[in-house]
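In this chain, numbering begins with 1 at the start of the sequence shown. Since the model is a prediction, treat every value here as computed from it, not as a measurement.
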Amino acid sequence: METLASRIMSNEYPEGTILDLPTLRAELDLSLTALREALKVLTAKGMIDARQKRGTFVQPRTSWNMLDADVMRWHTATSADPALFDQLTEVRAVVEPAAARMAAERATDEDIAALSEALDAMAAADGVDAAVAADITFHRRLLLATHNDFLAQIAQIIAIGLAERDKFVHHANPSDPVPSHRPVLEAVTAHDPDAAERAMRALVDQSMQDLKNAR
């Protein structure tokens, strides 16, 4: 499944490609059952489809389930398309300011403590990997603090894309992320929805600028 997904994502198997299943079985040394199971999963994710008289073929990217964690992971691991990070930032601009407002209204003491712990880890990070991990944790815990199950699922997808985006930005143009994140924590702690939304919007705007600078 990982091999086929990688080939599709890298455009080795472009849209419309008919998969030669007997050749794949031989190349990958798979049983028919194992191959069918892999194809079944990729079909459920919108990446391939099968039709009578046409066979098993690669679906257009517009059919892929980009809100699936595996699809996002495969996409960020194989795609060099800069539009992917741009689209992710656009999604964040839509979702995160509203989520920060909601978190300021709903966050429990435990949520605030978790956000504070993530910010402390960000401040103490001594390398790119630690800084990226702390950043992802902060954003994920912010969305969890909304106590909205849909946003909790979106948090997982954003985290996967954000990890690759952060690595790119930190390696190209390392900077201290704490000053842009602290106002969000302070506003959520104060249960000030307006301030939380403004702070998160400013953070995402800074993220857009950091991406441009890194490029």
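Under the 4.5 Å side-chain contact rule for hydrophobic residues, Ile18 and Leu39 do not share a cluster. Placement of Leu28 and Tyr13 within a single hydrophobic cluster is found when ILVMFWY residues are connected by side-chain heavy-atom separations under 4.5 Å, directly or transitively. Hydrophobic clustering, with ILVMFWY side chains joined whenever heavy atoms are under 4.5 angstrom apart, keeps Ile158 apart from Leu144.
Nearest approach of Asp68 to Ile157, heavy atoms of both residues: C-CD1, 3.7 Å. Nearest heavy atoms, Ala196 versus Arg101: CB-N, 4.3 Å. Of all the heavy atoms in Ala99 and Leu151, the pair that sits closest is CB-CD1, 4.5 Å. Scanning all heavy atoms of the two residues, the minimum distance from Val58 to Pro14 falls at CB-O, 3.5 Å.
Proximity of Thr56 to Thr43: side-chain heavy atoms (C-beta onward) are nowhere separated by under 4.5 Å. Here the side chains of Leu119 and Val184 are not in contact, with every heavy-atom distance at 4.5 Å or above. For the pair Met66 and Arg61, the minimum side-chain heavy-atom distance is 4.5 Å or more. A 4.5 Å side-chain heavy-atom check between Thr17 and Arg7 finds every atom pair outside the cut-off. Taking 4.5 Å as the limit, every side-chain heavy atom of Leu203 sits out of range of all side-chain heavy atoms of Glu96. Side-chain contact between Leu185 and Ser116: present, with at least one pair of heavy atoms (C-beta onward) separated by less than 4.5 Å. Within the 4.5 Å cutoff, the side chain of Val41 has heavy atoms near those of the Lys45 side chain. Using a 4.5 Å cut-off on side-chain heavy atoms (C-beta onward), Met1 and Met47 make no contact.
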- Evaluate side chain to side chain contact (heavy atoms under 4.5 Å, CB included) for Leu24 paired with Leu4, printing each intermediate quantity in order. CA-CA 9 Å; Leu24 280 173; Leu4 292 174; 3.8 Å; yes
- With side chain to side chain contact (heavy atoms under 4.5 Å, CB included) as the test, would you mind laying out the steps for Met208 and Arg92 before giving the verdict? CA-CA 10 Å; Met208 291 179 179; Arg92 291 179 59 205; over 6 Å; no
- Query: Between Gln87 and Val91, is a side chain to side chain contact (heavy atoms under 4.5 Å, CB included) present by the stated rule, with each step listed?
  - Reply: CA-CA 6 Å; Gln87 291 177 12; Val91 170; 5.7 Å; no
- Task: In sequence, state the C-alpha distance, the side-chain angles, and the governing distance for Asp86 and Leu211, and then conclude on side chain to side chain contact (heavy atoms under 4.5 Å, CB included).
- Result: CA-CA 9 Å; Asp86 292 335; Leu211 189 56; 3.7 Å; yes
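Within a 6.0 Å sphere centred on CZ of Arg106, other residues, nucleotides and ligands contribute more than 12 heavy atoms. Residue-environment remark: CZ (Arg140) stays at or below the threshold of 12 foreign heavy atoms within 6.0 Å. Environment of CG in Asp29: sparse, with no more than 12 heavy atoms of neighbouring residues, nucleotides or ligands closer than 6.0 Å.
Listed for the Thr89 side chain is a donor-acceptor partner under 3.5 Å among the backbone atoms of Phe85. Ser6 contributes no side-chain N or O that, together with a main-chain N or O of Thr3, makes up a donor-acceptor pair within less than 3.5 Å.
By the side-chain hydrogen bond (donor to acceptor under 3.5 Å, both in side chains) test, Gln209 pairs with Asn213, sequence neighbours left out.
For the ring pair (Phe, Tyr, Trp, His ring centres under 6.0 Å) condition, no pair includes a residue of residues 28-71, sequence neighbours left out. Screening residues 179-209 for ring pair (Phe, Tyr, Trp, His ring centres under 6.0 Å), with sequence neighbours left out, gives Phe138-His181, His139-His181.
Residues Asp111 and Thr108 bring a donor and an acceptor atom of their side chains to less than 3.5 Å of each other.
Expressed to the nearest 0.5 Å, how far CD1 of Ile112 lies from CZ of Arg141 amounts to 13.5 Å.
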